[in-house]
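Everything below concerns the one structure shown next.
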Amino acid sequence: MKKKVVIYREVPEKVINTLKEKFEVSYFKNLHTNNYDEFINELHNANGLLGASMKMDKELLDHAPHLTVISNISVGYDNLNLEELKNRGIIATNTPGVLNDTTADTIFGLLLATARRMTELDFYVKSGNWNGSKNEDLFGVDVHHKKLGIIGMGSIGQAIAKRAHFGFDMEILYYNRSRKKEAEESFGAIYCSLDELLTQSDFVCLMIPHTPETEKMIGEREFQLMKNSAIFINGSRGKNVDEQALIKALQQKWILRAGLDVFEHEPVEKDNPLLTLPNVVTLPHIGSATKETREKMATLAAENLAKALEGETPPNLIR
């Protein structure tokens, strides 16, 4: 009898067909009110789950007594309760590596757009306000030869450092749980304390995972340590930042601007003050969102799932 897999996120058809060769597959392109009960019913006999973002809490897992594998189509796994999975004997996997360059492109693009006010000035032109003059009201700030502080020098952080060092001659500071000799040797990155990074950097880029320890890691104290000319970029998780403190920092000019791909609550609430501030560039959490990369992520997640269900050790085991 074939083992059963439930997919709860849109994936390429070839991924579904590959899994169907070995397993019984239930596919939900997306979940909504009309099909959620059906999804829950399918969990009752599921051995494997493939998807992303959904909170895997005790209540949900209680509907899946035969579950042995959860394969996340993401590098982050803050949606998983690892202790609960351990207690139930469920293993989990993720998809690191294949999204590094794509995400780094997005985050560095966000940094450039924020520094040079690209979205703001795009709206300015399209609104018919460009009368031919380019006075200082339209000026941005230089990126090249500035100091970039990266909080979290993992694989994506290093890909950002590579772009900054070789493309823009930036000086790299970094704060991480452990030193990254390869980043120091390849990009001239300088390891320092968090406070040193915050006080010295022209751009502060947050690229850490979300854990109980990192929640609201950046708050009022940290924003006040930054230069008032500093630009803050968050490409990690919204909950790593005290969002009210960020709003205050932008409104009171503790920092110059912010570029955000993530928010405390997603989708972001329509009345969030960040959406009305002119010195903020906002993206809808699209770090890895290209067709090519999402296909690679889904393929890797399916490979992880298949190996685990067949009794092999998957290459990207979280626990």
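Predicted, not measured: the structure shown is a model, and the values here were computed from it.
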Do Glu10 and Asn30 make a side-chain contact, defined as non-hydrogen atoms from C-beta onward lying under 4.5 Å apart?
no
Can Asp137 and Arg117 be counted as an ion pair, charged N to O under 4.0 angstrom?
no
Just by distance, do the side chain of Thr95 and the backbone of Ser74 share a donor-acceptor pair under 3.5 Å?
yes
Between Lys126 and Asp122, is there a side-chain N and carboxylate O pair less than 4.0 Å apart?
yes
Measure the shortest side-chain to side-chain distance between Ile231 and Leu111 over non-hydrogen atoms and say whether it is less than 4.5 angstrom.
no
Return yes if some donor-acceptor pair links the side-chain N/O of Asn228 with the main-chain N/O of Ile255 below 3.5 Å, else return no.
no
Do any side-chain atoms of residues 12-21 form donor-acceptor pairs under 3.5 angstrom with protein atoms, and if so which ones, sequence neighbours left out?
{"residue": "Asn17", "atom": "ND2", "partner": "Glu13", "partner atom": "O", "Å": "3.4"}
{"residue": "Thr18", "atom": "OG1", "partner": "Lys14", "partner atom": "O", "Å": "2.8"}

Name the orientation class of the two ring planes belonging to Phe223 and Phe232 (parallel below 30°, tilted from 30 to 60°, perpendicular beyond 60°).
perpendicular
Main chain of Ser288, side chain of Thr102: is a donor-acceptor contact present, judged purely on distance under 3.5 Å?
no
Would you say the side-chain atoms of Asn35 pair up with the backbone N or O of His32, donor to acceptor, closer than 3.5 Å?
yes
Going by the angle between their ring planes, with limits at 30° and 60°, are Phe108 and Phe168 parallel, tilted or perpendicular?
tilted
Would you please say whether a donor-acceptor pair under 3.5 Å links the side chains of Thr214 and Asn240?
yes
Between the side chain of Asn94 and the main-chain N/O of Gly76, is any donor-acceptor distance below 3.5 Å?
no
Answer yes or no: is there an ion pair linking Arg88 with Glu84, defined by an N-O contact shorter than 4.0 Å?
yes
Side chain Asn304, main chain Ser71, donor-acceptor under 3.5 Å
no
How far apart are the closest heavy atoms of Met153 and Lys180, and which atoms are they?
O-CE, 3.3 Å
Please name all residues satisfying ring pair (Phe, Tyr, Trp, His ring centres under 6.0 Å) with Tyr175, sequence neighbours left out, ordered by chain then number.
none
